[in-house]
2 protein chains.
Amino acid sequence: MIDVRRLRLLRELDSRGTIAATAQALHLTPSAVSQQLAALAKETGVRLLDPAGRRVRLTPAAQVLLEHADILFAQLERAEADLAAFDEGRVGSVAVAAFTTAISGIVAPALLALRESRPRLRLSVTDVPEPACFDQVLGGELDLAIGITHAGARPLDSRLLRIPLLDDPLEVALPVGHPYASASVVPLEALRADEFIVSRPGTACREVAHAACAAAGFVPQVRHNADDFVAILTLIAAGCGVSLVPRLAGLSSTDQVVLRPIAGSVPIRPIFAAVRRGSHQAPHLSAVLAALVAAARSPSPYDAPASVRGGEAWAVHSG
Amino acid sequence: MIDVRRLRLLRELDSRGTIAATAQALHLTPSAVSQQLAALAKETGVRLLDPAGRRVRLTPAAQVLLEHADILFAQLERAEADLAAFDEGRVGSVAVAAFTTAISGIVAPALLALRESRPRLRLSVTDVPEPACFDQVLGGELDLAIGITHAGARPLDSRLLRIPLLDDPLEVALPVGHPYASASVVPLEALRADEFIVSRPGTACREVAHAACAAAGFVPQVRHNADDFVAILTLIAAGCGVSLVPRLAGLSSTDQVVLRPIAGSVPIRPIFAAVRRGSHQAPHLSAVLAALVAAARSPSPYDAPASVRGGEAWAVHSG
DNA sequence: ATCGATCATGTAGTCCAGCTTAACGGTTCA
DNA sequence: TGAACCGTTAAGCTGGACTACATGATCGAT
């Protein structure tokens, strides 16, 4: 294998002209330079120097080697520069896990902002469900996971750090024919007699909905279970019940379903990011965290193409 | 400066997972690996390893470093491959000097052939006059010079090797009104009384012309001196005399000037290549030499666009 | 033509980077 | 809980890399 250190001697010899000058420039004796260059010639298997009078001339093979050496030196400098850039959070790669609405509402806008401010910071996003993603962060497969605080959740591992991102308010989704469909705000207690469509048992959305109803003083009558908001809206439009949907989902009222704010103390989905304790100070991760926090605070979420937005997509399905 | 040897340890650690496995793979003790990686972390100024249970995990900074390391390793392998390729004359760069007609008649076709057979062999051609070019070959600025053997020439330096390329035959150039203009071959003695247009004193062409006339038994009456063949043909067309032109110049008869072969023993320009003695065995130079010899032997010289060929160019000037 | 200066390269000796051995603290798994 | 494993550290040793010096060759100036 070629010794890069010896390539440096060759480069210096090419620009200085003599071994003596090379040695002086590198604070060595000419003998050392001569020996090292002889070793380089031996390990590459080609002659590198030709005697020319009382000095030496680089052989054509040495010229070929030098061209590659310059590329190598440049690459080494780039590596050092990138380590410095990493210290400032400008380069690196971060693997993020998030649930669907967090991807479109928080991660995507953050990713857009980072692409502007730190183009060489690579973000990879994966849709990993909530209990597993934290294990993957601990295992090092992921660097950051976005989750929801709720009663049924396993407490966060002590080696993970919780960083609050957003308290996502819930709204009620009612069919147009519902008595409260035209109210500006809806008290949750008014839905005490309605049938509810909520997520499958064990999911964060279901826990949050149950907690909100409990706070309003009743236990919701669950009739249907659906995780996907498009499916939920379809069921509501079909008159199968009402639901609580997070504002982050980016849904909007249609001609068959209306979304209304909740009166009084508004129930929320507390959304947070989890990282390995200590790793949040790493420059690349702290840069991503800052972008996520900023995106969560930003009033207008990522404006996806209309066809993929929940409301319109549902309208297509129902039409 | 980053030590490439240590980067290898990091790469191995990344793929093997543990320091112990890395050490075993590289026939070292875990202690040595640990020490070298610690040294790498110190010289780069970043932490590279995080303890993870009883093993270690690469930090994000180490991942950044690894990406560069892989590029470096690939570049090193490319360098070794190119040294091997150099041994076969497939890569390298050769600086060639030649006079004008040799460039178009020999070097250009050789360059075309080499571009096909050895695309990574870089040839640079320079138009350097005859006495100086040999000094530049000796000095190492050039690798090969093409010259003409003639009486007035300084004998070739003993450190240079002469490789014959081509015995370029001369032809007579006559105005259409000349008595021999319609002869199929022209005996040189028949031009004893004509006035001659030849190159400037000291040039190879003039020496060759004088030697040819001397062999025919007369001393040419020189009236005009011109080096450029287009200028010579213009003068002939204007009725200012006759000339001897080399076939390699690629000239052809026009409606005002005819070219005719010389009867009897045809005078020639002996064209040769000169390289530093010993260097002709170097693979890159021997490849170029072989291409030059082949191009010189090839019956059809490089077929340049018509507008730059001597004959047509002259026709344009005279029209 | 000669002498001194300069240069590359051997040889012998010295020194330190990098290795090994041994010991230790921490973690995992039975 | 103990045994096995892992990574790190300390101490000592070895070989590679450097220096000092000598040699042979070349160049430039006198």
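Every chain is numbered from 1, with letters handed out A, B, ... down the list of sequences.
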Exercise for the section: Return the value, rounded to whole Å, for the distance between atom CG of B/Leu40 and atom P of D/dT8. Expected result: 13 Å
Fill in the blank from the handout: Regarding the side chain of B/Ile19, the nearest nucleotide among D/dT19, D/dT9, D/dG7 is D/dG7
Exercise for the section: Assign B/Ala32 to base, sugar-phosphate, or nothing according to its heavy-atom contacts below 4.0 angstrom with the strands shown. Expected result: base
Handout entry: Global bending angle along the helix from C/dA1-D/dT30 to C/dA30-D/dT1, which compares the axes of five pairs at either end, to 10 degrees
Key = 30°
Practice task
Check whether any side-chain heavy atom of A/Phe99 lies under 4.5 Å from a side-chain heavy atom of A/Ile271, and answer yes or no.
Solution key: yes
Completion exercise
In short, B/Ser199 meets B/Cys205 closest at the heavy-atom pair OG-CB, 3.1 Å
Exercise for the section: Round to a whole Å and report the spacing from CG of A/Leu28 to P of D/dA20. Expected result: 11 Å
Exercise for the section: Walking along DNA chain C from 5' to 3', note the first and the last nucleotide with an atom under 4.0 Å from a heavy atom of chain B, and give both. Expected result: C/dG18 to C/dT28
Practice task
Find the distance B/Leu13:CG to D/dT8:C1' and express it as a whole number of Å.
Solution key: 14 Å
Exercise for the section: Identify which nucleotide among D/dA10, D/dA4, D/dT19 has an atom closest to any side-chain atom of A/Gln35, counting heavy atoms from C-beta outward. Expected result: D/dT19
Exercise for the section: Compute whether any side-chain donor of one residue and acceptor of the other, for A/Arg54 and A/Thr18, lie under 3.5 angstrom apart. Expected result: no
Side-chain donor/acceptor pairs under 3.5 Å, residues 66-77 of chain A, sequence neighbours excluded:
{"from": "A/Glu67", "atom 1": "OE1", "to": "B/Arg122", "atom 2": "NH2", "distance (Å)": "3.4"}
{"from": "A/Glu67", "atom 1": "OE2", "to": "B/Arg122", "atom 2": "NH2", "distance (Å)": "3.0"}
{"from": "A/His68", "atom 1": "ND1", "to": "B/Gln75", "atom 2": "NE2", "distance (Å)": "3.0"}
{"from": "A/His68", "atom 1": "NE2", "to": "B/Asp82", "atom 2": "OD2", "distance (Å)": "2.8"}
{"from": "A/Asp70", "atom 1": "OD1", "to": "A/Arg11", "atom 2": "NE", "distance (Å)": "2.9"}
{"from": "A/Asp70", "atom 1": "OD1", "to": "A/Arg11", "atom 2": "NH2", "distance (Å)": "2.9"}
{"from": "A/Asp70", "atom 1": "OD2", "to": "A/Arg11", "atom 2": "NH2", "distance (Å)": "2.5"}
{"from": "A/Gln75", "atom 1": "OE1", "to": "A/Arg78", "atom 2": "NH1", "distance (Å)": "3.1"}
{"from": "A/Gln75", "atom 1": "NE2", "to": "B/His68", "atom 2": "ND1", "distance (Å)": "3.0"}

Practice task
Would you classify A/Arg5 as touching base, sugar-phosphate or nothing, given that sugar-phosphate means primed atoms plus P, OP1 and OP2, and contacts are heavy atoms under 4.0 Å?
Solution key: sugar-phosphate
Practice task
Side-chain contact test, heavy atoms from C-beta onward, threshold under 4.5 Å: evaluate it for B/Pro60 versus A/His284 and give yes or no.
Solution key: yes
Problem - Test item: A/Thr44 side-chain N/O and A/Leu40 main-chain N/O as donor-acceptor pair under 3.5 Å - result: yes
Problem - B/Gln24 CD to D/dC5 P, straight-line distance once rounded to whole Å - result: 12 Å
Exercise for the section: Nearest whole angstrom, please: distance from the P of D/dT26 to the CZ of A/Arg54. Expected result: 11 Å
Practice task
Could you tell me whether the side chain of A/Asp143 and the main chain of A/Val137 form a donor-acceptor pair under 3.5 Å?
Solution key: no
Exercise for the section: Using atom CD of B/Gln36 as one end and atom P of D/dT8 as the other, report the distance to the nearest whole Å. Expected result: 13 Å
Practice task
Could you check A/Ala39 against B/Arg55 and say which one's nearest nucleotide on DNA chain D is further toward the 5' end?
Solution key: B/Arg55
Handout entry: Whole-Å distance separating the CG atom of A/Asp3 from the C1' atom of D/dA17
Key = 11 Å
Practice task
Scan A/Asp50, A/Val64, A/Leu65 and name whichever one has a side chain to side chain contact (heavy atoms under 4.5 Å, CB included) with A/Thr59.
Solution key: A/Asp50
Completion exercise
Of A/Gly53 and A/Thr29, the one whose closest nucleotide on DNA chain D sits nearer the 5' end is A/Thr29
Practice task
In sequence, state the C-alpha distance, the side-chain angles, and the governing distance for B/Arg162 and B/Thr149, and then conclude on side chain to side chain donor-acceptor pair (under 3.5 Å).
Solution key: CA-CA 10 Å; B/Arg162 176 197 309 265; B/Thr149 307; 2.9 Å; yes
Practice task
Could you tell me whether the phosphate oxygens of D/dA17, OP1 or OP2, come under 4.0 Å of any side-chain nitrogen or oxygen in A/Arg6?
Solution key: yes
Exercise for the section: Would you mind telling me which of A/Val4, A/Asp3, A/Leu7 makes a side chain to side chain contact (heavy atoms under 4.5 Å, CB included) with B/Val4? Expected result: A/Val4
Problem - Between D/dA17 (P) and A/Lys42 (NZ): distance, integer Å - result: 11 Å
Practice task
Under 4.0 Å between any heavy atoms, over every strand shown, what does A/Thr18 touch: base, sugar-phosphate, or nothing? Just pick one.
Solution key: sugar-phosphate
Exercise for the section: Classify the side chain of B/Ser34 versus the base of D/dT9 as yes if they form a donor-acceptor pair under 3.5 Å and no if they do not. Expected result: no
